Amino acid sequence: MRLILGLFFSVLVVGCQTTPTKVRESLDLDFAAMQSAAERPIQLTNKTVVVDVRKPFDYTLAHIPGSVNLNWEDFSDRNGRFKGRLKQDLNDEARRLALLGISPESDVVVVGYGAQGEGGEGRMAWTLASMGVRKVQFVDFAYFKKLPLSNKIEPPRKNVPFWEVKTSHPLSASKEELLSVITAAAEGGTRTRILDVRSEREYFAKQGLGMGYSQPDIQAVHIPWTEFLTNHGRPNLQLVDQLSGIGIKPSDRLILISNQGVRSATATMALLAMGFTNSVNFAGGYQELK
């Protein structure tokens with residue numbers, strides 16, 4: 001009952017807020033800021049917006065005071081055939097973010113379950129970056145275990161002006177691009193690399209005796225998504241040298257793929273923070289490719 005009343009209060013306060021003014025602006029991601037932030041410990045300030053993507057029950061039990069609980073799936077095309085794709089029009093979601101105090105200029109930290117989860121925090125960070133939020137990090141919720149936590153529903157942050165989704169740096173690869181890269185890779189004529197970030201069990205899975213692999217051979221390099229993360233669920237900067245060792249350069253076009261574009265989104269954001277600024281996520285994943 002207390003939870004229901006708390007949620008009702010939260011909705012009531014949002015409904016009583018003044019309507020923000022709509023603004024338009026051209027957005028570019030701040031890759032330098034993302035890379036610099038990945039090299040330093042995360043410090044939460046009164047300007048930091050913490051987005052918690054854990055299950056509502058876990059969020060209610062204990063969360064960082066002032067954080068907001070969001071689900072990455074709310075920004076995806078749930079009604080479409082491929083659940084990993086983003087909605088075609090995200091402006092309604094941008095208005096929702098504005099009511100929660102999130103603007104393209106906000107300093108956002110997304111927390112989730114880290115390597116023990118399914119990449120939800122990385123997917124949310126990728127979604128926000130795709131919408132034009134320039135400074136966004138993601139990390140395991142346990143990273144802040146020494147902070148005083150709360151089990152109360154706090155009033156929402158002060159809202160910010162409405163903004164439109166408009167970014168000049170898409171973080172998604174189209175199916176057409178992926179298919180052309182697969183063809184070119186088979187012929188040995190492309191610098192674009194495809195990275196399959198599923199688990200080893202999934203990557204090497206078979207379909208019955210003599211039936212071959214469970215997914216088509218797309219000439220991908222296999223690196224499990226957890227390899228892109230530290231124990232704290234942050235970008236693993238040590239991976240840079242390993243990627244260099246197999247001929248992958250920061251300037252290369254990298255297309256990442258998983259089953260539904262969730263774990264691959266996490267790996268994409270990790271690569272961007274490592275300086276691989278031409279990395280993109282195939283959001284539809286193998287589900288769309290098949």
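Computed from a prediction, not measured in an experiment: that's the story for all the values here.
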Using the rule given for side-chain contact (heavy atoms from CB on, under 4.5 Å), can you reason through S150 versus I64, listing the C-alpha separation, both sets of side-chain angles and the distance that settles it, and then say yes or no? CA-CA 6 Å; S150 173; I64 297 170; over 6 Å; no
Checking side-chain contact (heavy atoms from CB on, under 4.5 Å) for the pair R54/Y113: CA distance, chi angles, key distance, verdict? CA-CA 7 Å; R54 294 176 302 143; Y113 295 108; 3.4 Å; yes
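Each of V50, V111, V110 was evaluated against V139; a single residue qualifies, V111, per the side chain to side chain contact (heavy atoms under 4.5 Å, CB included) test.
A salt bridge between R95 and D92 is present, with a side-chain N of the basic residue lying under 4.0 Å from a carboxylate O of the acidic one. The pair R191-D252 meets the salt-bridge criterion, with a side-chain N (NZ, NE, NH1 or NH2) lying under 4.0 Å from an Asp/Glu carboxylate O. Of the charged side-chain nitrogens involved, none lies within less than 4.0 Å of a carboxylate oxygen, so that E288 and K83 do not count as a salt-bridged pair. Between D89 and K87, none of the side-chain N atoms (NZ, or NE/NH1/NH2) sits under 4.0 Å from a carboxylate O, so this pair counts as no salt bridge. A salt bridge is defined here as a Lys NZ or Arg NE, NH1 or NH2 lying under 4.0 Å from an Asp or Glu carboxylate O, and R123 with E118 fails to meet this definition.
Following chains of ILVMFWY side-chain contacts shorter than 4.5 Å, one can reach L272 starting from W126, so the two form part of one hydrophobic cluster. Connection of M34 to L128 is established within a shared hydrophobic cluster, with ILVMFWY side chains joined at heavy-atom distances below 4.5 Å, either directly or through further cluster members. Criterion: ILVMFWY side-chain heavy atoms under 4.5 Å apart, direct or through other members. Under it, V53 and F75 are part of a common hydrophobic cluster. Cluster annotation: L61 and F141 are assigned to distinct hydrophobic clusters (Ile/Leu/Val/Met/Phe/Trp/Tyr, side-chain heavy-atom contacts under 4.5 Å, transitive).
Residue H222 qualifies as enclosed at atom NE2: its count of foreign heavy atoms under 6.0 Å is above 12. Few gaps surround NZ on K175; more than 12 heavy atoms of other groups in view lie less than 6.0 Å from it. Around the CG atom of N231, the shell of radius 6.0 Å holds no more than 12 heavy atoms that belong to other residues, nucleotides or ligands.
With no hydrogens or angles considered, a side-chain donor-acceptor pair links R234 and Q137 at under 3.5 Å. Using modelled atom types, one finds a donor on one side chain and an acceptor on the other under 3.5 Å when comparing S199 with E202. Side-chain atoms of S67 and D52 include no donor-acceptor pair closer than 3.5 Å.
Here the side chain of S106 pairs no donor or acceptor atom with the backbone of V108 at under 3.5 angstrom.
Between I194 and V221 there is no side-chain heavy-atom pair separated by less than 4.5 Å. A heavy-atom distance below 4.5 Å is not found between the side chains of V280 and L256. Between F282 and T268 the shortest side-chain heavy-atom distance does not fall below 4.5 Å. At least one side-chain heavy atom of L195 sits less than 4.5 Å from a side-chain heavy atom of I248.
Once rounded to the nearest 0.5 Å, the distance linking OG1 of T192 with CD1 of I182 reads 11.5 Å. Considering CD of E176 and CG of L178, their distance stands at 9.5 Å, rounded to 0.5 Å. One distance of note links OG1 of T48 with CG of N46; it measures 7.5 Å at 0.5 Å rounding.
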Solution key, residues 36-44 side-chain donor-acceptor pairs under 3.5 Å, sequence neighbours excluded:
{"from": "S36", "atom 1": "OG", "to": "R40", "atom 2": "NH1", "distance (Å)": "2.5"}
{"from": "R40", "atom 1": "NH1", "to": "S36", "atom 2": "O", "distance (Å)": "3.2"}

